[in-house]
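Everything below concerns the one structure shown next.
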Amino acid sequence: MATTPAPPTAPPKPTWDPRGAEPPFPWVRPTIRIRLTLLYGGMFMIAGILLLSIIYLLAASALRTGGSVPFKIVGGQNVTVTSGGCQLPTTPGNITEFNEAIGACMAQQRQHALDTLLTRSLMALVGLSVIAFAFGYAMAGRVLSPLGRITRTARRVAGTDLTRRIELDGPDDELKELADTFDDMLDRLERAFTAQQRFVANASHELRTPLAINRTLLEVHLSDPGAPVELHQLGKTLLATNERSEQLVEGLLLLARSENEIVDRKPVDLAEVASRAIDQARGEAQAKGVEIRGERALAVVQGNGVLLERIALNLVQNAVRYNVPQDGWVSVTTELKDGQAVLVVSNTGPVVPAYEIDNLFEPFRRLRTERTGSDKGVGLGLSIARSVARAHGGRIIAEPREGGGLVMRVTLPV
């Protein structure tokens, strides 16, 4: 009895992450305002330190020049000397020793005065530095306020609100020139997107209508029982070709519409979306002998339910169609993980090299074939899924599965 060969092992997964590593402290951003504040404050501190050093040297020189003892004790009787800061002999016996003690006392007083001057100057420098940093931060914010306005407008435009404009007032400087250039760019982008939407609407009508007419005519001819067998066979072939063209047109139009970010968002449960996609693909899975399994937990996101259902349907259909001939399975799971909703579709199937993963997301690209040439689809399923995921602010990642097949992971923000 022949033994069943062991399934081939999957190629090694790539060890690098194209997204790059995240910084250890993402909340610490070296913004321009912070850098300008550090620049202004640092320049003030350097100037203050230089000024303090010069004042200290001048004061030390002045005290050294004018701080010598202007008198000497030559002699006398019954001389009594008291000092609160210096240790002087109360009753001087040796006049020379007594004069030296007075000089040392004056030098000690000079050093004490310099130390006091330095301490108080440093305290004043620290206080002025705090004021300088606060003043520099406020002035940097005032100078950079036009950039903040430009950034806020750009964020609104990122939400497909192309009607927003900066319209910056003020002097004709570099910032106003930047704002006016950005407004001009938005005008061109709005015209381009409007033309694209108009083209998609016109193409949707112009391409669907003749294909629908062709399908109706072919179905009418195929319903004629008196038609020759050759005509029936030709009609079925043409009907299949027409159906493939309709799928291609629908996929292209959906791909064009899903490139933009979704504006009208509603709560959508990924578990419900995945269940509906499974119901639509169950008949094909049963015909191919593929088992669909997996647990689907509640995972609510904000988005478009129709487009999210298309992601799940495309992934499930691909997992069913590109599977092993016998004892194949498809696992569909949903969950909430790290504050994000995750849809995972994994399946058995042929071994997929890791270097060909990225090509699968390109339009009209399949494993080891660059153009259409398969009856399993039109080659737009994964491209549409990636575009819809990006429009929802998420991403889709494909990884080779051990033993063959793929693991498709869709991550969407909650």
Exercise for review: Mark yes when over 12 heavy atoms from residues, nucleotides or ligands other than R120 sit less than 6.0 Å from its CZ; otherwise mark no.
Suggested key: no
Practice item. Would you indicate whether E177, at its atom CD, is surrounded by more than 12 heavy atoms from other residues, nucleotides or ligands within a distance under 6.0 Å? Key: no
Taking side chain as C-beta onward, heavy atoms only, is [X] less than 4.5 Å from [Y]?
X    : Y    : value
V301 : H392 : no
V330 : R293 : no
I357 : I397 : no
Q280 : L313 : yes

Check your understanding: Under the side-chain contact (heavy atoms from CB on, under 4.5 Å) test, which residues partner D187, sequence neighbours left out?
Key -> R165, D184, R191
Exercise for review: Please list, chain by chain and in numerical order, all residues satisfying side-chain contact (heavy atoms from CB on, under 4.5 Å) with R276, sequence neighbours excluded.
Suggested key: E272, E309
Point to revise | CA sep, side-chain torsions, deciding dist, call: I396, R409, side chain to side chain contact (heavy atoms under 4.5 Å, CB included) | key: CA-CA 6 Å; I396 178 171; R409 182 174 287 101; over 6 Å; no
Point to revise | Check against side chain to side chain contact (heavy atoms under 4.5 Å, CB included), L50 and L52 | key: CA-CA 5 Å; L50 291 177; L52 178 61; over 6 Å; no
Rounded distance [0.5 Å steps], [atom1] in [X] versus [atom2] in [Y]:
X    : Y    : atom1 : atom2 : result
L307 : I384 : CG    : CD1   : 10.0 Å
L218 : N242 : CG    : CG    : 6.0 Å
I311 : L270 : CD1   : CG    : 8.5 Å
M45  : S129 : CE    : OG    : 4.5 Å
K266 : N304 : NZ    : CG    : 8.5 Å
L125 : I49  : CG    : CD1   : 6.0 Å

Point to revise | Given L217, L211, T216, the one that forms side-chain contact (heavy atoms from CB on, under 4.5 Å) with I213 | key: L217
Check your understanding: Does R296 reach the main-chain N or O of G294 with its side chain, forming a donor-acceptor pair under 3.5 Å?
Key -> yes
Practice item. Mark yes or no for whether T334, through its side chain, and A297, through its backbone, hold a donor-acceptor pair below 3.5 Å. Key: yes
If you look only at distance, which donor and acceptor atoms sit under 3.5 Å apart when one is on a side chain in residues 335-353 and the other is two or more places apart or in another chain?
from: N347; atom 1: ND2; to: Y322; atom 2: O; distance (Å): 3.3
from: T348; atom 1: OG1; to: N323; atom 2: OD1; distance (Å): 2.5
from: T348; atom 1: OG1; to: W329; atom 2: N; distance (Å): 3.1

Exercise for review: Return the minimal non-hydrogen interatomic distance between G305 and V273, and the atom names on each side.
Suggested key: O-CG2, 4.4 Å
Practice item. Please report the closest heavy-atom contact between V300 and P267, naming both atoms and the distance. Key: CG1-CB, 4.0 Å
Exercise for review: Please step through side chain to side chain contact (heavy atoms under 4.5 Å, CB included) for the pair L122 and L118, ending with a clear verdict.
Suggested key: CA-CA 6 Å; L122 287 176; L118 180 61; 4.2 Å; yes
Practice item. Determine, step by step, whether V324 and V290 satisfy the side chain to side chain contact (heavy atoms under 4.5 Å, CB included) criterion, reporting the C-alpha distance in whole Å, the side-chain angles of both residues, the deciding distance to 0.1 Å, and the verdict. Key: CA-CA 8 Å; V324 293; V290 176; over 6 Å; no
